[in-house]
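For ligands, and for the atoms within them, numbers begin at 1 and follow the listed sequence.
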Amino acid sequence: MRTMTCIEDLRQAARRQVPRAFFDYVESGSYAEQTLNANRADLEAVKLRQRILVDVSHRSTRATILGEPASLPLALAPVGLCGMQHGDGEILACRAAQEADIPFCLSTMSICSIEDVAAAVDKPFWFQLYVMKDRGFVRALIERAAAAKCSALLLTVDLQVLGQRHRDIKNGMTIPPELRIRNFIDIASKPRWALGIARAKRRTFGNLAGHIGGMDDVNSLSQWVAGQFDETLSWKDVEWIASLWRGKLILKGILDVEDARTAVKTGAAALVVSNHGGRQLDGAPSSIAALPPIVEAVGSSIEVLFDGGVRSGQDIMRAIALGARACLSGRAYIYGLGAGGQAGVARAIEIMKNELSVSMALTGVTGIDKIDRSVIAAV
Ligand SMILES: Cc1cc2nc3c(=O)[nH]c(=O)nc-3n(C[C@H](O)[C@H](O)[C@H](O)COP(=O)(O)O)c2cc1C
């Protein structure tokens with residue numbers, strides 16, 4: 001892993017090791033991928049201000065996220081089908097996050113279940129909830145997350161319909177999955193991946209299997225999920241969920257100032273400025289463009305987290321400078337997972353942490369709480 005010096009190296013390694021249909025599933029954005037591309041382009045356009053001759057010998061990347069200490073202002077975002085990038089992927093990613101002392105968030109659409117992950121790790125993790133039409137199932141999921149002692153419930157609010165990803169259709173990543181001859185040939189050329197998947201606890205949606213009328217195969221479960229996206233979803237449902245969950249609630253998928261103001265009224269502890277990694281509304285602004293007005297409107301009354309396009313410590317610094325409390329990483333750690341399992345995720349976190357620390361030194365700041373707009377160059 002030492003020769004993996006940046007997230008792009010991990011991405012290239014993941015591309016070599018993970019079957020194409022699953023790698024493309026991670027890479028893709030919706031439709032023309034304008035928002036996906038804007039996430040990166042707009043982050044890169046934020047220039048950092050080099051400062052010199054400041055004593056930065058005592059500096060720290062330590063941060064506080066939802067009142068808990070973390071080694072850097074970063075959490076691992078919920079990613080569906082993580083366990084198809086690497087066998088037992090969710091457990092490995094959670095372990096890497098906990099060893100690095102940052103939060104991990106498990107997706108509703110994970111391969112390992114809430115209970116699998118809870119049994120395999122030492123500390124609490126966050127659980128991400130999608131609200132399905134079957135509210136009985138939603139209530140049961142919330143109860144399962146509470147029983148597993150999850151430390152926060154992250155409710156994703158930007159997916160009541162699904163943005164289309166062209167590559168998924170072309171690769172047969174559809175509902176039900178359509179495995180084609182070329183998928184089999186591709187999988188046959190990735191023996192290490194196949195062995196890891198074969199040895200893994202599960203190969204289906206772990207949180208759903210056995211909990212929905214006894215269904216447990218991928219085809220029937222994915223068909224069930226497809227019929228479960230709820231277009232009636234509204235702020236009333238958020239109230240209902242807030243009434244069921246006694247712990248910290250995070251609302252993820254907010255891109256608009258008005259919505260951010262409403263989010264504050266729900267009593268949520270945090271919101272995540274996010275466009276789902278450019279996978280939902282194509283043509284929406286980049287997350288980094290949406291961040292400053294939201295921080296200005298609600299930053300003093302709720303913790304504002306950020307995701308979308310974070311691939312380096314410099315990107316974390318940019319988001320913190322524009323008012324985020326912490327960032328969530330999606331693809332960056334998933335590349336690490338595909339490239340090398342737990343060690344790969346650990347490497348992704350370490351790379352971004354080191355980059356953040358060096359960037360702090362070169363911008364002349366010694367603590368995360370000192371990163372503000374003054375580190376941004378006016379060019
Ligand atoms: C492959 C993939 C699967 C995802 N699955 C989920 C999910 O199940 N639930 C969710 O709330 N967000 C999901 N997201 C969105 C991420 O949580 C996060 O918002 C996004 O990846 C951030 O952008 P980045 O990948 O550029 O870091 C997914 C993203 C990717 C790339």
### Query
Between the side chains of D307 and S287, is a donor N or O closer than 3.5 angstrom to an acceptor N or O?
no
### Task
Would you tell me whether D9 and T5 have side-chain atoms, one donor and one acceptor, within less than 3.5 Å of each other?
yes
### Task
Run the ring-centre check on W245 versus F127 and record whether the distance is less than 6.0 Å.
no
### Task
Kindly tell me which protein residues have any non-hydrogen atom under 4.0 angstrom away from an atom of ligand 1, grouped by chain and ordered by number?
Y25, V26, A77, P78, V79, G80, S107, Q128, Y130, T156, K252, S274, H276, G277, R279, D307, G308, G309, R311, G330, R331
Can you give me every donor-acceptor pair (side chain of residues 78-97, partner residue at least two apart or in another chain, under 3.5 Å) with its distance?
from, atom 1, to, atom 2, distance (Å)
Q85, NE2, F22, O, 3.1
D88, OD1, K201, N, 3.0
E90, OE1, C112, N, 3.1
E90, OE2, C82, N, 3.4
E90, OE2, G83, N, 3.0
E90, OE2, I111, N, 2.8
R95, NE, A120, O, 3.2
R95, NH2, A120, O, 3.3

#### Entry: Among R279, R167, R40, the one residue meeting salt bridge (Lys or Arg N to Asp or Glu O under 4.0 Å) with E33
R167
### Query
Do you see a donor-acceptor pair shorter than 3.5 Å between the side chains of S357 and R59?
yes
